[in-house]
Amino acid sequence: MEILIVGAVILAILFYNKTIDKEKFITDMEPITSRFIEDDYEFLVYAKFGEDVDIKVLIRQRMMIALIAFAIAFVMFNTNGTAAFDFGKVLLNTVFSLVIALILYKNQYFGLKKYYKAHLHEIDIMLPYYLKSLEILIQHYTVPVAIAKSIDDAPNIFKPGLRQMVEKINAGDASIDPYMEFANLYPVRDSMRMMRLLYRLGLGSQEKKQERLMMFSRTVSNLQNKARETKYKERLNHMENQTMIMLVTTGLGVMVIILISMLSMFQM
């Protein structure tokens, strides 16, 4: 126990005196720490914070929080008044410390997942409007070029998925897989069907493209109508709830006034 504490203190002093380059140490550890990063972590970070965020900083913060939590928990669990060494107890305390560190390490990831799931409804409403703007670009460019040109003006939450799709298409993947992966990233109403239609737009002759573009346009228009209906219903439900709250509040206020008046009459 004492050796562990002394080792931690020495390491902290070496970092403080810059005997060991902290940045280089962290960089050298990245091949190891990268194995603990979730496959969809980068996508979730960009979906919430945008693409200007430095994802390496967030990863380092997660790692540091987990390591500090493990060190503190380990020291607290193994601090006792006896000098006797109990290997079984130390092993059990190590497991408890690892569990605490893992919970704190995963906390940020679970928060990102929660944020993303909470915004799936918003994505469902935004997707038809994005596809409509994409349809206009497809009239002048090929589908992959149109998608690439649409990224800058796309809603921020779509940008990570669109960049992944374009990167895979540009890397030579001419299959439907990049489109399906985008649909899986945004599993909302009709996203699978729309990505299949989008993929087919890039196949065949110019004449077939016009026919498929008309079908794509009609489908997008139907989705826009559904999105408008959803917005209208939500607005209507919000107004009804506000009206109900106002009526209940007014009713309770009137009842309180009547009750006070009756009590005043009985006291006379």
Side-chain angles (χ1 to χ4, degrees), residues 1-123 155-164 167 181-182 184-187:
M1 182 64 193
E2 287 78 7
I3 294 173
L4 180 67
I5 295 173
V6 170
V9 171
I10 292 173
L11 189 63
I13 292 172
L14 291 174
F15 280 144
Y16 180 77
N17 291 334
K18 296 183 180 180
T19 305
I20 297 177
D21 190 339
K22 183 179 177 182
E23 292 298 322
K24 187 177 184 301
F25 178 80
I26 294 173
T27 303
D28 292 341
M29 290 294 291
E30 281 181 359
I32 300 173
T33 58
S34 61
R35 298 178 182 179
F36 298 95
I37 304 301
E38 300 81 2
D39 292 338
D40 57 346
Y41 178 75
E42 183 175 335
F43 166 76
L44 293 171
V45 168
Y46 289 150
K48 180 175 182 179
F49 300 109
E51 296 183 319
D52 294 332
V53 66
D54 190 341
I55 197 165
K56 289 185 178 181
V57 172
L58 294 179
I59 292 172
R60 290 173 184 176
Q61 287 176 353
R62 290 181 72 191
M63 293 294 179
M64 289 302 297
I65 289 171
L67 288 172
I68 291 170
F70 173 78
I72 292 173
F74 186 84
V75 170
M76 289 179 62
F77 287 148
N78 289 285
T79 300
N80 51 41
T82 62
F85 178 79
D86 188 341
F87 178 78
K89 184 179 179 181
V90 171
L91 183 62
L92 186 63
N93 290 339
T94 302
V95 173
F96 286 149
S97 302
L98 284 172
V99 170
I100 291 172
L102 182 63
I103 290 171
L104 289 176
Y105 175 76
K106 285 286 187 179
N107 183 56
Q108 185 192 94
Y109 174 73
F110 290 142
L112 292 170
K113 290 281 283 188
K114 184 178 179 182
Y115 172 88
Y116 180 69
K117 289 179 180 179
H119 284 73
L120 278 177
H121 176 66
E122 181 182 342
I123 293 170
N156 287 332
I157 204 161
F158 288 141
K159 289 181 179 180
L162 291 171
R163 291 196 192 281
Q164 289 182 24
E167 285 173 3
E181 288 176 11
F182 179 87
N184 288 326
L185 286 173
Y186 304 94

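You'll find the side chain of L102 stays beyond 4.5 Å of the side chain of L98, heavy atoms only. Within the 4.5 Å cutoff, the side chain of K106 has heavy atoms near those of the E38 side chain. Contact check for Q61 versus L58: side-chain heavy atoms found under the 4.5 Å cut-off.
Of the residues I59, V53, D40, the one that meets the side-chain contact (heavy atoms from CB on, under 4.5 Å) test with V45 is V53.
For an aromatic pair to be called close, the ring centres must be under 6.0 Å apart, and Y46 with Y41 fails this.
Nearest approach of A66 to Y105, heavy atoms of both residues: CB-CB, 3.9 Å. Counting all heavy atoms, side chain and backbone alike, A101 lies closest to A69 at CA-CB, 4.4 Å. Closest of all the heavy-atom pairs between Y186 and G161 is OH-N, 3.3 Å.
Below 30°, between 30° and 60°, or above 60°: for F158 and F182 the angle between ring planes is between 30° and 60°, a tilted geometry.
Proximity of a side-chain donor or acceptor of Y115 to a complementary backbone N or O of L44 within less than 3.5 Å is not detected.
Distance OH/Y109 to CZ/R62: 8.5 Å, rounded to 0.5 Å. Once rounded to the nearest 0.5 Å, the distance linking CG of D54 with CZ of F49 reads 12.5 Å. If you take CD1 on I55 and CZ on F43, they are separated by 11.5 Å, rounding to the nearest 0.5 Å. In this structure, CD in E42 is found 10.5 Å from NZ in K56, a value given to the nearest 0.5 Å.
Stacking of K113 on the aromatic ring of F110 is not recorded, the 6.0 Å distance cut-off and the 45° axial limit not both being met.
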